[in-house]
> 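Let me give you the structure first, and then I'll get to my questions.
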Amino acid sequence: MTSRLHLTVDGPAAAPVLLLGSSLGTAAAMWEPQVPLLAERFRVIRYDHLGHGRSAVPAGPYTLDLLGRELLRTLDDLDLRWVHYAGLSLGGMVGMWLAAHAPDRVRRLALLCTSASLGPAGPWRERAATVRAGGLPTIADTVVARWFTPAFATARPDVVAAHRAMLTATSPAGYAACCEAIAAMDLRPDLGRIDTPTLVVAGADDPATPVAHAREIVGRVPGARLVVVGAAAHLANVERPAQVGRLLREHFEEPGG
Ligand SMILES: O=C(O)CC1=CCC(=O)O1
């Protein structure tokens with residue numbers, strides 16, 4: 001079966017592949033700030049989750065297992081035996097699933113602004129129902145307020161508006177189905193099986209996946225390393241583009257990478 005995931009590819013064809021997974025309600029454009037730096041050394045493949053961006057929108061609810069298996073199918077289609085993987089938030093959740101369930105397919109892993117368990121389930125199911133009934137604009141202000149610190153939002157209203165537009169362009173059905181995947185998710189029991197070198201990055205001011213969630217991942221993934229990025233909320237890669245770009249490049253360029 002051909003992949004249902006839309007891919008955006010940059011960088012030299014012969015370079016090692018670095019797969020980038022985006023957050024709930026965003027798409028490949030979320031990674032624009034890091035692509036120039038990373039594509040100097042890597043074949044950077046950004047994928048849109050099922051139900052997001054230009055990927056297919058099968059009927060929900062989804063699960064992390066479904067999102068992860070779809071990505072594995074994509075790697076098979078591309079004949080990729082292994083990749084480096086970086087994911088933010090929902091992208092990080094898929095990254096944890098992949099590294100735990102297909103360890104031979106992930107060489108090095110970076111998990112940004114993410115969580116292995118983001119309960120309770122009730123509010124996620126309510127968010128899914130709200131979006132199915134009223135569309136993304138009904139929740140956009142609340143969600144975007146968690147993506148950026150107030151200082152950044154004041155300084156860069158253009159960036160905030162572009163990311164809000166990405167959110168409201170997302171399929172309501174696809175977004176809701178991914179909310180249901182998060183509602184049902186508990187990756188904590190899987191983390192001890194991850195044996196790939198792992199960098200965990202948290203935004204110091206992230207109200208969506210707070211630093212404590214990153215510490216829990218680091219406590220469970222053997223050898224994982226934590227970096228807390230100051231003055232950044234949930235989309236830390238957008239708010240602190242150069243620092244996050246450097247962290248990723250250094251992590252994936254390390255010996256053996
Ligand atoms: O939308 C939010 O509240 C924050 C978030 C959780 C998972 C994700 O990708 O974004």
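Counting starts at 1 for both ligands and their atoms, following the listed order.
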> Do any nitrogen or oxygen atoms of T209 come within less than 3.5 Å of a nitrogen or oxygen of ligand 1?
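Between T209 and ligand 1, no N or O pair is found under 3.5 Å apart.
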> Give the residue, atom name and distance (to 0.1 Å) of the protein heavy atom nearest atom 3 (O) of ligand 1.
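Of the protein heavy atoms, R127 NH2, 2.8 Å lies nearest.
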> I'd like to know if R156 and E239 make a salt bridge, using a cut-off of under 4.0 Å between side-chain N and carboxylate O.
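The answer is no: the pair does not qualify as a salt bridge.
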> Under a 4.5 Å cut-off applied to non-hydrogen side-chain atoms, are V94 and Y85 in contact?
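In contact.
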> Cut-off 3.5 Å, side chains only: do W97 and D65 have a donor facing an acceptor?
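Looking only at side-chain atoms, D65 and W97 do form a donor-acceptor pair, the distance falling under 3.5 Å.
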> How close do D206 and C113 get, counting heavy atoms only, and between which atoms?
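Heavy atoms of D206 and C113 come nearest at OD2-CB, 3.7 Å.
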> Centre-to-centre under 6.0 Å for H234 and F148, is that the case here?
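For H234 and F148, the ring centres are not under 6.0 Å apart.
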> Please identify which atoms of ligand 1 are closer than 4.0 Å to at least one heavy atom of L90.
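The list of qualifying atoms is 8 (C), 9 (O).
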> Once you restrict to heavy atoms under 4.0 Å, what part of S23 touches ligand 1? Side chain, backbone, both or neither.
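Both backbone and side chain of S23 come within 4.0 Å of ligand 1.
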> Using 4.0 Å as the upper bound for N to carboxylate O, is an ion pair formed by E32 and R46?
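Yes, this pair counts.
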> Measuring from the heavy atoms of T26, does anything fall under 4.0 Å of ligand 1?
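In this structure, T26 fails to qualify as a contact of ligand 1 - no heavy atom is under 4.0 Å.
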> Quick one: does ligand 1 sit under 4.0 Å from the side chain of T114, the backbone, both or neither, non-hydrogen atoms only?
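Contact part for T114 vs ligand 1: neither.
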> Should you measure from each heavy atom of I182, which atoms of ligand 1 turn up under 4.0 Å away?
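Those of ligand 1 that fall under 4.0 Å from I182 are 7 (C).
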> Distance to 0.1 Å, residue and atom name: give those for the protein heavy atom nearest to atom 10 (O) of ligand 1.
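Here the closest protein heavy atom is S89 OG, 3.0 Å.
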> If I apply the N/O under 3.5 Å rule, does W124 come out as touching ligand 1?
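For ligand 1, there is no N or O atom that lies under 3.5 Å from one belonging to W124.
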